[in-house]
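Just so we're clear, the structure is a prediction, and the values are computed from it rather than from any experiment.
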Amino acid sequence: CFQLRHGFNLLLNGYGSKRPVLDAIGYYVNTTNNEHGGAILTVNGYSPSCSVREIVNTILMKVLLGRRCSATNVVERAQFVAQQFSGSSNSGSRDSSSNTTQDGYDGSRLRPPTRLYILLHNIDGPSLRSEDSQQALSYLASTQRIHLIATTDHLNTMFLWHQRLMHRFNWLWTNTT
């Protein structure tokens, strides 16, 4: 997790199942009680029913505790989630007369976690290969407090991404063979 704390996201490749490695990372994060702990979202990208819209909506509802986003475009919704996890706007700007922030978040309820770890099985799955899907994932991955640990099954996965996406993903490629 040293690499994650220093701004990299992990892309696991190689022959065989990478599930035990992702499970071990999830276990470590789940048992860490320091500033590097956070919420864990496990996504099965190989499933045909998996979509980035579903991932972003799950983050909004389950991780950010129902935070509302008016954008309808999945890329804009991902950018909104990324802003919520950025250092300055995670807590919103407080109104001095109440516990409510300007974005409608009631501070008296449970607070959302300061970090999110997305464990994405098969980032190159059929339903995640579109340009919009990869762009939305890259916005999530570019945020300092969202950590993306993904697996890939194809040798040519790198051709999914152009230079701007590669920069936002900031991958540290790891062979798990």
Worksheet entry | Verdict with supporting geometry, Gln134 and Ile123, side-chain contact (heavy atoms from CB on, under 4.5 Å) | CA-CA 9 Å; Gln134 293 296 316; Ile123 193 169; 4.0 Å; yes

Practice prompt. Return each pair, listed once, that meets salt bridge (Lys or Arg N to Asp or Glu O under 4.0 Å) where at least one residue sits in residues 153-164; pairs must be two or more places apart or across chains.
Written response: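 Checked against salt bridge (Lys or Arg N to Asp or Glu O under 4.0 Å) - neighbours excluded - the pairs reaching residues 153-164 are Lys18-Asp153.
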
Please determine, by modelled atom types, if [X] and [Y] share a side-chain donor-acceptor pair under 3.5 angstrom.
{"X": "Ser138", "Y": "Arg168", "result": "yes"}
{"X": "Asp132", "Y": "Ser130", "result": "no"}
{"X": "Glu131", "Y": "His162", "result": "yes"}

Is the shortest side-chain heavy-atom distance between [X] and [Y] below 4.5 Å?
{"X": "Leu137", "Y": "Phe169", "result": "yes"}
{"X": "Cys50", "Y": "Ser127", "result": "yes"}
{"X": "Ser142", "Y": "Asn170", "result": "no"}

In Å, rounded to the nearest 0.5 Å, how long is the span from [atom1] of [X] to [atom2] of [Y]?
{"X": "Leu11", "Y": "Trp173", "atom1": "CG", "atom2": "CH2", "result": "5.0 Å"}
{"X": "Phe85", "Y": "Gln144", "atom1": "CZ", "atom2": "CD", "result": "13.0 Å"}
{"X": "Thr176", "Y": "Leu10", "atom1": "OG1", "atom2": "CG", "result": "11.0 Å"}
{"X": "Asn13", "Y": "Thr174", "atom1": "CG", "atom2": "OG1", "result": "7.5 Å"}
{"X": "Tyr117", "Y": "Asn30", "atom1": "OH", "atom2": "CG", "result": "11.5 Å"}

Worksheet item: Taking only residues at least two apart or on different chains, which pairs with a member in residues 38-49 satisfy side-chain hydrogen bond (donor to acceptor under 3.5 Å, both in side chains)?
Response: Arg19-Tyr46, Asn44-Tyr46, Ser47-Ser49

Practice prompt. Return each pair, listed once, that meets side-chain hydrogen bond (donor to acceptor under 3.5 Å, both in side chains) where at least one residue sits in residues 54-63; pairs must be two or more places apart or across chains.
Written response: Asn57-Arg77

Worksheet entry | Main-chain N/O of Gly45 paired to Asn122 side chain as donor or acceptor, under 3.5 Å |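 The answer is no, because no donor-acceptor pair under 3.5 Å joins these two groups.
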
Worksheet entry | Main-chain N/O of Asp124 paired to Arg129 side chain as donor or acceptor, under 3.5 Å | yes

Discussion item. Using side-chain contact (heavy atoms from CB on, under 4.5 Å), reason through Leu60 and Phe80 one step at a time and then give a plain yes or no.
Written reply: CA-CA 9 Å; Leu60 286 168; Phe80 176 81; 3.8 Å; yes

Item to complete: Looking only at non-hydrogen atoms, find the nearest pair between Leu22 and Leu119 and report the distance.
Response: O-CD1, 3.7 Å

